[in-house]
Amino acid sequence: MIPELGHFALIIAFAVAIVQSIVPLIGAARNQPALIAMARPAAMTQFLFVGLAYAALTHAFIVHDFSVLYVSNHSNLVQPLLYRISGVWGSHEGSLLLWALMLALWTIAVAVYSKNLPEILMARVLAVMGMVSTGFLAFMLFTSNPFERIFPVPLDGSELNPLLQDPGLAIHPPMLYMGYVGFSVAFAFAVAALLGGKLDATWARWSRPWTTIAWSFLTFGIALGSWWAYNELGWGGWWFWDPVENASFMPWLVGTALIHSLASTEKRGVFKSWTVLLAILAFSLSLLGTFIVRSGVLVSVHAFATDPERGVFILGFLIFAVGGSLALYAWRSAAVVSFGRFQWFSRETALLLNNIIFLTAATAVLVGTMYPLVVDAFGVGKISVGRPYFDTMFAYIAIPLLLLMGVGPAIRWKGDNWPRIAKTTSIFFVFSLVVGLLIPFIVEDKLNLATGLGLAGALWVALTTLKDLLSRMMRGLKLPLSYIGMIMAHFGVAVFVAGVTVVMTYHSEKDLRMEPGTSYNISGYEFLFQGTRTVQGPNYIAQEGVIEIWSEGEKTGELLPQKRTYTGKSEPMTDASIDITFTRDLYAALGEELENGAWSMRVYYKPLIRWIWLGCILMTIGGVLAVSDRRYRQSVKQTATKKVTATASL
Amino acid sequence: MEKNQPTLLKRFMPLIIFGAMVVLLAIGLTLNPRLVPSPLIDKPAPVFELPLLFKEGSFSNDDLLGHVTLVNVWASWCFACRQEHEVVKNLARSGVRIIGLNYKDESADAKNWLARLGNPYQVVAVDYDGRIAIDWGVYGAPETFLIDKEGIIRHKVIGPLSDQGNYEALMAAMQTLK
Amino acid sequence: MCKKTPIITLFFLLCVSFSSISAPVETFQFDSPETEKIFHKLSEELRCLVCQNQNVAESNADLAKDLRLEIYTMLSDGKTEEEIVDFMVQRYGDYVLYRPPLKPMTWLLWFGPIIMFTIGLIFVVRFMRSQDDATQTDSLSKDDIERIKNLHAEQDK
């Protein structure tokens, strides 16, 4: 019964979304307040019904309703509650429902926090978001119904993929989707501005916080995915450049360009059409990502459904949404003209260069991901594009980016002079270069240019960022949260680059055969294998290996890797064990049991790997801080006061 | 007067690029990204010598000369091989010379499988560790190679012959050899 | 095409259930640390053909195991990295390489980003120059305005 109600709720939501898409838009075009006023209630109603549908599916999971096909495919009787709840988004249909829920959530957030927006703009924004909702709800209702039933009802289901039964997974997709989907707000603002033919600094000020929050969520979501893969997959990797990973990285790259471009538009009224285009592009890449994941056009470990039929639907939706907005851009961007002037050496130019760099990065990822398809489509053969390509491209892209990051924030708006900047930063430049190149030289006894430059770049950004902060503090200037946010995010980049550089150069791994009582030395740590024991989990039985870690004659830790056999699945699964400190990870994964109680196993030494995710966390927090800045909260209060005084004077 | 008016090209460029992307994706929906074409087409069959399943002796690439041959890679653990087996038997009955290449299989299992389902092969060669299969660019079972009289590989079928498209492509290739 | 898909999916299902579940661990003995490094590099740069986008190092599929053994054997026989790569490409085509070879077909791939960057820079330079021109036009008209004012002033005398 409840699944049917859920399905029904979805249908109602679809109808309401259609109303939300069309009515306010007509109202905005004809300046009819009655129609415009329908926007917010429509958005609220849509959220209500999508929420009900989502609740219905979750309920089906929790009570083990295996008559629902989706539940029986992704849950069984012994599945822990957490993974029954998170299993809702574990595959195609359910994750679409999550998409729709997130979108509805962002929509009502805009509906609630838009009191200081002109009504016409608000109506258009909500209408555009309504159109996106309509698309996703239609996709579900016509091709991917989460509430499809199965008869006869199986007595037990197939469990959720054990790989996905991890706390990291529980939050990775929701966070990722909050970001992915959140860019729809910037998109809607851009389309609304194009429709209205007006785009000024105020528009940028409204768009900015929404975009920054979405960006923060996306940063966090991607970092979580990487962290989870490292912890769960047993091969010590944290990023594979898989098409689905790239599908989330491209919107992030363009989103980063967008938040910087919005800053310029807000402060100086420049780059307006550029910013609008980036806003459209960021969300378009989110939609492209949806296509890649669900159409089977590219081969990926993450791919949900590989169904060309569904692919056709999404492609149609892409044509409408992206093609439509780009057509609108072609038609209307002439009306979006920037009047600001700036000199060759100015913050504006620096930010323009920043945009070029990030777009180049996004291009590299897009070209690399799509190239096998291009080659195949032209019938000239089949190639693969993998990590070696992307790593090489990003190594080169990092150089101008890090250089720019060191000086960019210090350059003044409108115009500045190079000698002033050089005077304060050249000492840091020399210091970073020397120390950066020196460190690998000391460690390896030979010149390692790649590693040296990577470290130099990280040091350069870290030092110049701190210097900027300190000099501001010493001059007694204000430190608004948006500034602190920027500092933290930029510092996070430095931490990230340092982590990546060190771990890629100095990690070591070894596959060994170990008998109980033997030990192996790796990078100054001794791994002493003490044999295995049997351990019982909630839905698995495991062989647990005990590996003691000794350093400088003392036992500093213990690793307990497991080989788990889940009930209902015959294939055993590795659960790696990791000893974590701020400066390194020690990692062990069991292979196979050999004769005499010996085991094959893999041990890793991963220096500074945690800095990768620490850097991402710093970026995320930076974004959140920037959004919490007083001026965004103040503008809400100001408008409220204005309204009060306006009514008072009547 | 503002000179910052973007040109017509600049305004339409994003849309044009997107259009190209859509065409690419649409074509992509009709392709199979998992199919790996063989670089061995029109090249001589790799040099090999393998033991036989049913008797003493061996089979080598020299034995491929003189007739048009199908080399069918199969195994008893391969589900799709069972699906295509009827088609393979029909081909054998119609006079096609088919050599079986038993891939990474236990001989006892292979013999049982053929006993139960029928043996269409003139000869069955055994590639126990899959080493020779690597030389043939095999990456799964079933796969079927069409070899001409001079021992040159002319066509490769990836997947079961019971698939309509696979079968027709093979027939077309065989026609060109007659 | 749709009919083929389920069978191909079945055909490859073997790999999906095996791989990405447990890390494959092999205890090869290498002649030297350099050889071991090359082994790891090759295993990471060669693609496992039966898998859903995994390299030979990380996949548990039978074919991946065979290929790792092949790489190890060839290294023990003294073959170079290039020879092993050529060996694989001869049998499986360019698809087996995660590092796409540089040939006319892949020029756009390898040089695309730098071309994009260059176009971007050109765009920036042209934009800045057009700004300069516009500023000059403005200031010229300011001069013109001055002259007109003076002319008017003279006329009013």
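Just so it is clear: chains get the letters A, B, ... in the order the sequence lines come, proteins before strands, and each one is counted from 1. Just the heavy atoms: all of them, side chains too, but no hydrogens, waters or symmetry mates, feed the values below.
Below 4.5 Å, heavy atoms of chain B meet heavy atoms from C/Phe87, C/Val89, C/Gln90, C/Arg91, C/Tyr92, C/Gly93, C/Tyr95, all part of residues 78-100 of chain C. For residues 28-36 of chain C, heavy-atom neighbours of chain B at less than 4.5 Å comprise no residues at all. Residue-level contacts of residues 88-110 of chain B with chain C, in order of numbering, are B/Tyr103, B/Lys104; threshold 4.5 Å between heavy atoms. Contacts of residues 38-45 of chain B with chain C at a heavy-atom distance below 4.5 Å involve B/Pro39, B/Leu40, listed in sequence order.
Judged purely by atom type and a 3.5 angstrom limit, B/Arg34 uses its side chain to pair as donor or acceptor with the backbone of C/Val50.
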Checklist line | Residues C/Asp66, B/Asp129; criterion side-chain contact (heavy atoms from CB on, under 4.5 Å); working and verdict | finding: CA-CA 8 Å; C/Asp66 292 344; B/Asp129 53 11; over 6 Å; no
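Residue C/Leu67 holds its CG atom at 13.0 Å from OH of B/Tyr139, rounded to the nearest 0.5 Å.
Only the backbone of B/Pro33 comes within less than 4.5 Å of a heavy atom of chain C; no side-chain atom from C-beta onward does.
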